Amino acid sequence: MLQVHEIRDNKEEFITALAKRGLDAKAVLEKVLAADEVRRNTQAKLDETLAQANTLSKEIGMLFKSGATDKANALKEKSSTLKENSKQLQDQLNAAVSRLEELLYTLPNIPHSSVPAGTDETDNEEVFTEGTIPELQKDALPHWELAKKYALIDFELGVKITGAGFPVYKGKGARLQRALIAYFLDKNTSAGYTEYQVPHLVNEASGFGTGQLPDKEGQMYHITADDLYLIPTAEVPVTNMFRGDLLMHNELPIRCTGYTPCFRREAGSYGAHVRGLNRLHQFDKVEIVRIEHPDNSYAALDGMVEHVKQILRELELPYRILKLCGGDLGFTSALTYDFEVFSTAQDRWLEISSVSNFETFQANRLKLRFKDTDGSNKLVHTLNGSALALPRVLAGILENYQTPEGIRIPEVLVPYCGFDMIS
RNA sequence: GGAGGAAUGGCAGAGUGGUCGAAUGCGGCAGUCUUGAAAACUGUUGAGGGUCACACCUCCGGGGGUUCGAAUCCCUCUUCCUCCGCCA
């Protein structure tokens, strides 16, 4: 959520910046400022009334003490009138605040100055690429065929017990999943991230805190009986651990990692691009989250990018990094780098990680602040990224490491798997 | 599931109707001392709104009520603790 006083001070800059997202925000921003004006005026009136009531109460107290009961009782009547007034004003104020908040909820984050303009993924900027795309044998298979051939994943079984998009991993497929999770967590913890195991269901307040609610309500599974949501990413529970906190400057930075399954409804997605592991309702992901001093957040973002690079290097997968353009940038993000691994058998790039700096956008909703060295309280910057999302990494490994003899296991994973070949 | 108890500033923890936005300790910040650091000592320090700055307003788990006046009394919800029962 954007901060009203920032909008007040930087209206023109915000309009320009939001235009990068293809958004004409002028009208909304003006509505925000108008609503804020109403809020402040109402607040001032209410404060005035309450101040009078407070003074009166003190007078009445004094009068009672000095024994002037008649005078005191006379003042009581006046006080009850003030009380009625203040109640009305309070209602008006509440209404003004919700109007303002509703408007603010519709506004996405301000893109960082380096974000390229653009309307969709074709305008994303490739900033880095590494690894060699392997030469596969003639009859190379896509991962869903390989998964079947080597009995690693059973999609039909998942359909039977739940529905499409809920695969069953078995045998060496299940073991490879577990190996990847353990490997990722080890990489993250040795890079200074503290490992967490968090709930997979969150309440409404958490959904609001990280920005999934109210605008992406339909993308989460909602357990209506208990009003809880299945997490679409570990970002939600992990970041919300700090909701409402006031941290000390020397507690920063905070670095967390956690493995969770992720649940996404992905309503309306069909076709070839969702085959196999490409797009699922339930998948596994290891996430990294950082809470940073505003001065350090972009250095931290670079650090996260380097960290993910290192992992992909070790896995020896061909990948590229995209800087997302304004039109493709997530609602809450100021700057996002997407990592894509090349799926050789499908001849296309698959997104496996998304690393973002949210600046104060989430922190403002979370009311997550820190006390700076000068004693002032400020919003922190929050960042997160996948390190990494499992299914497409698995797809990449299966496809790129296939040989006529079977699927080789990347060297770094062999100790975790206990085997070096799937055949 | 049954019976009790509790929720206060970044943290710990006093405070039972007006002078309480709230003692004290820790932590933070500034300083003294020190080559420097630590220790010790001194001062300072709750949050949000509002204002050019003051004033002023709100906030003692959430919501509601009693009262001229509520951290304090009542109702309700949530969470935690103790004891009993059940249980992976």
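Sequence lines set the chain letters: A, B, ... in the order given, protein chains first and strands last, and positions in each chain run from 1. Small disclaimer: the values here were computed from a predicted structure and weren't measured.
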Nearest-Å distance for atom pair [atom1]/[atom2], residues [X] and [N]:
X	N	atom1	atom2	answer
A:Asn364	B:G48	CG	C1'	13 Å
A:Met248	B:G9	CE	P	13 Å
A:Leu100	B:G50	CG	C1'	15 Å
A:Arg243	B:U79	CZ	P	14 Å
A:Glu204	B:U78	CD	P	16 Å
A:His249	B:U45	NE2	C1'	12 Å
A:Asn41	B:U51	CG	P	9 Å
A:Leu368	B:A47	CG	P	16 Å

Selection residues 71-118 of chain A - residue pairs positive for ring pair (Phe, Tyr, Trp, His ring centres under 6.0 Å), sequence neighbours left out: A:Tyr105-A:Phe208, A:His112-A:Tyr298
Just name whichever nucleotide pairs with [N], Watson-Crick or G-U, keeping both distances under 3.5 Å, else none.
N	value
B:A22	none
B:U66	none
B:G43	B:C29
B:G4	B:C81
B:C86	none
B:G50	none
B:U16	none

Check ion pair [X]-[Y] (N to O, under 4.0 angstrom):
X	Y	value
A:Glu306	A:Lys309	yes
A:Asp91	A:Lys87	no
A:Glu340	A:Arg392	no

Considering only atom [atom1], compute the distance from [N] to [M] and round it to an integer number of Å.
N	M	atom1	result
B:A71	B:A22	C1'	8 Å
B:C54	B:A40	P	35 Å
B:U42	B:G49	C1'	34 Å
B:C60	B:G21	C1'	9 Å
B:G10	B:G62	P	13 Å
B:U19	B:G69	C1'	13 Å
B:G27	B:A12	P	15 Å
B:G61	B:A47	C1'	16 Å

Among B:G50, B:C29, B:A47, the nucleotide that comes nearest once only the side chain of A:Leu246 is considered: B:A47
Can a side chain N or O of [X] be found less than 4.0 Å away from OP1 or OP2 on [N]?
X	N	value
A:Asn377	B:A47	yes
A:His5	B:G50	no
A:Arg369	B:G10	no

Any chance the side chains of [X] and [Y] put a donor and an acceptor closer than 3.5 Å?
X	Y	value
A:Thr42	A:Gln92	no
A:Asn85	A:Thr49	no
A:His381	A:Glu292	no

Parallel, tilted or perpendicular: ring planes of A:Phe361 versus A:Phe331, cut at 30 and 60 degrees: perpendicular
Annotated protein contacts, base or backbone, on nucleotides 52-74 of chain B with a non-hydrogen cut-off under 4.0 Å, one of B, S, - each: ----SSS------S-BBS-----
Closest-nucleotide 5' rank along RNA chain B - winner of A:Asn250 and A:Lys371: A:Asn250
Sugar-phosphate, base or nothing in reach of A:Thr49, heavy atoms under 4.0 Å: nothing
Qualifying residues under side-chain hydrogen bond (donor to acceptor under 3.5 Å, both in side chains), relative to A:Asn364, sequence neighbours excluded: none
